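Only this structure's heavy atoms are used, side chains among them; waters, hydrogens and symmetry mates stay out. Within every chain, numbering begins at 1; the chains are lettered A, B, ... in the order of the sequence lines, protein sequences first and strands thereafter. Quick caveat: nothing in here was measured; it's all calculated off a predicted structure.
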Number of protein chains: 2
Amino acid sequence: MNFPDLFDAFDAAVLPPGLPDAAVLRLRHDTVARELAAGEQLDLDPGRAFFAFLGVGACKLAAFVSSAREQIVSFHFAGDVVHVPAQGRYGYTLSALTDAQLLVIPADSLSRSGPDSCGMLRLASRETENALARSRETSIILGRRSAQERVASFILAIWDRLGAGSQDDGWIDLPMSRGEIADSLGLTIETVSRQFSELRDLGLIETEGRSALRVIDLPGLSRCAGQLPVAA
Amino acid sequence: MNFPDLFDAFDAAVLPPGLPDAAVLRLRHDTVARELAAGEQLDLDPGRAFFAFLGVGACKLAAFVSSAREQIVSFHFAGDVVHVPAQGRYGYTLSALTDAQLLVIPADSLSRSGPDSCGMLRLASRETENALARSRETSIILGRRSAQERVASFILAIWDRLGAGSQDDGWIDLPMSRGEIADSLGLTIETVSRQFSELRDLGLIETEGRSALRVIDLPGLSRCAGQLPVAA
DNA sequence: CGCTGCTTTGACTGCTGTCAAGTTTGGTGG
DNA sequence: CCACCAAACTTGACAGCAGTCAAAGCAGCG
């Protein structure tokens, strides 16, 4: 996918309808396309915040905590808009899990003044709010859940995200390693592996090779995740 | 403080300068003042998102996880703007730790269309972004830190927030209980209490009664918190 | 002064991290 | 097509930290 196609996809999927052409054109002007190979990391000015629209592939947003370990803030897939914050107490990096194509949009280009920029601002506000909601859910999972609940929650989330549109045989491919799963759940590789094995032994999931995964018993897995129905 | 005083404080502290009078007036019209006694909970439409400006007092924003335990998302103090999200997977509540006075502003009233509303949108966007940054830091702390590091981080954060403007003798009053601290750090009451005792035995802090606290050795406490200097 | 609820401390258990082998996987080059 | 290799994954043994259960100590308040 080249820049025009990527931008069109972005326009169709994300931009609110009815934006003035001038605003879209200016946004298009500020936007840059990037192609990342699997494992490659997006190199940006750490002092500025960005939004990234992921057209193709899968990415992780990670905070640098120490040389030994990073905390993965979120995983993203085709069609997602990622909020990459400016460096505060921690530095953030966006890296590709698979070959990826994305658009990079400086956050301040969405919030520039001007009579026609309200739509852009609303977009930025909405995406930031989405990111906030996801982040707060992450906090809840990290604060209160056992290893098994975390892994089960993770599988459910990935299943929700990748299972629907995937092939009909019900298998999905995890684009991230066990280590990356561990880094996103605040666990070690070994514990993640053990929990995968246990969920397999319980007959809730099936795995094949490093990355193939199938959920057999969705309600059972939800129970393992400690999911409560949303309080009415 | 009555409504006009509260709103003036909000205007002075938060609203960007140069907003059109009409926009400020409309915002003022959509804004409601609330007074909460300690322990009381703000009762809002759970289906809508709000911003709250805390004029006086201290509050906690909590997510309802199970009947046994809540996850406290953040603590807030006089002058803060709190983002109270609409109910998603979890319901959120804002409760007063001390007697509090606050302004409640529906989030959509900041994002309503109109040529003069860009300033409001920018405000909403900025506040949401602040909340996101704090939430991501929380995730990092919950995911990767030991009990002692969490408690030390918590004390440092509170000290930063309350220590500066406080009395000159260097004591601050914690408005939250050990249980609430535990709920915000993903620990149990007993562990929090043990860590307070240990930090006291280490000569890093001093406590008196339930709520009085003084930091004696700030660098030492930072070391206990496992703070890394921001990577250059 | 005595109550109630919060906090502290102690003993013990269990989960998860650490360390250390094995085993599998998927790719690479012969 | 097969053999080999490095990296990723799995499994086991063990230790340590934090949770659980229980009891005692305090603070604030009528």
Side-chain angles (χ1 to χ4, degrees), chain A residues 37-39 60 65-66 68-69 71-72 97-99 141-155 171 173-202 205-213 224 226, chain B residues 37-39 60 65-66 68-69 71-72 97-99 141-155 171 173-202 205-213 224 226:
Chain A
K60 63 176 178 182
V65 178
S66 75
R69 215 64 177 291
Q71 174 70 34
I72 294 184
L97 298 170
T98 66
D99 294 349
I141 287 179
L142 294 181
R144 290 261 154 266
R145 298 270 202 259
S146 71
Q148 183 161 98
E149 289 170 329
R150 294 183 200 199
V151 172
S153 296
F154 168 81
I155 294 175
W171 286 88
D173 259 302
L174 298 178
M176 69 289 285
S177 70
R178 298 285 185 274
E180 287 165 327
I181 296 172
D183 282 339
S184 78
L185 297 177
L187 300 170
T188 59
I189 294 177
E190 295 92 327
T191 299
V192 170
S193 177
R194 265 186 266 271
Q195 294 307 326
F196 266 84
S197 301
E198 192 161 327
L199 294 173
R200 196 186 322 113
D201 294 345
L202 288 169
I205 63 171
E206 219 173 331
T207 60
E208 194 185 305
R210 280 174 192 170
S211 68
L213 173 74
C224 269
Chain B
K60 62 176 179 181
V65 178
S66 75
R69 215 62 178 293
Q71 173 70 35
I72 294 184
L97 298 169
T98 64
D99 294 349
I141 287 179
L142 294 182
R144 291 258 155 268
R145 297 264 198 266
S146 70
Q148 182 162 99
E149 289 170 329
R150 295 183 200 199
V151 173
S153 296
F154 168 82
I155 294 175
W171 286 89
D173 259 302
L174 298 178
M176 69 289 286
S177 71
R178 298 286 185 271
E180 287 166 328
I181 296 172
D183 282 339
S184 78
L185 298 177
L187 299 169
T188 59
I189 295 178
E190 294 92 328
T191 299
V192 170
S193 178
R194 266 187 264 270
Q195 293 308 326
F196 266 85
S197 300
E198 192 161 326
L199 294 174
R200 196 186 323 113
D201 294 346
L202 288 169
I205 62 171
E206 219 174 330
T207 60
E208 193 185 305
R210 281 177 189 168
S211 67
L213 173 75
C224 269

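- As judged by a 4.0 angstrom heavy-atom cut-off over every strand, Ser197(A) is placed among residues touching the sugar-phosphate backbone only.
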For nucleotides 17-24 of chain D, read 5' to 3', which letter fits each nucleotide if B means a protein heavy atom sits under 4.0 Å from the base, S means only the sugar-phosphate is that close, and - means neither?
-SSBB---
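- Taking atom CG of residue Asp173(B) and atom C1' of nucleotide dG28(D), one finds them 14 Å apart after rounding to whole Å.
- A straight line from CG of Asp183(B) to P of dT7(C) spans 12 Å, rounded to a whole angstrom.
- No donor-acceptor pair under 3.5 Å is formed between the side chain of Asp183(B) and the backbone N or O of Gln71(B).
- The side-chain heavy atoms of Ile181(A) and Leu187(A), taken from C-beta on, include no pair separated by under 4.5 Å.
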I'd like a table of atom pairs between the protein and nucleotides 3-6 of chain C - only N or O on both sides, under 3.5 Å - with the distance next to each one.
from	atom 1	to	atom 2	distance (Å)
dG5(C)	N2	Arg210(B)	NH2	2.4

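- Contact check for Met176(A) versus Phe154(A): side-chain heavy atoms found under the 4.5 Å cut-off.
- Rounded to whole Å, the distance from CG on Leu213(A) to P on dT25(C) is 15 Å.
- Rounded to whole angstrom, the span from the CZ atom of Arg150(A) across to the C1' atom of dC15(C) amounts to 11 Å.
- Two residues are said to be in side-chain contact when any heavy atoms from C-beta on lie closer than 4.5 Å; Leu213(A) and Glu206(A) fail this criterion.
- For the pair Phe196(A) CZ and dA8(D) P, the interatomic distance rounds to 16 Å; values are reported in whole Å.
- Glu198(B) places its CD atom 14 Å from the P atom of dT8(C), with the value rounded to the nearest Å.
- What separates CD of Glu208(B) from P of dT8(C) is a distance of 13 Å, to the nearest Å.
- Per the geometry, CD1 belonging to Ile189(B) stands 14 Å off C1' belonging to dT9(C), to the nearest Å.
- Not a single donor-acceptor pair under 3.5 Å links the side chain of Arg145(A) to the backbone N or O of Arg150(A).
- Atom OG of Ser193(A) sits about 6.5 Å away from atom CZ of Arg178(A), to the nearest 0.5 Å.
- Within the 4.5 Å cutoff, side-chain heavy atoms of Glu198(B) are placed close to those of Gln148(B).
- Judged by distance alone, with hydrogens and angles left aside, the side-chain atoms of Gln195(B) form no donor-acceptor pair with the main-chain N or O of Val192(B) at under 3.5 Å.
- To the nearest 0.5 Å, the span separating CD1 on Ile205(B) from OG on Ser197(B) amounts to 8.5 Å.
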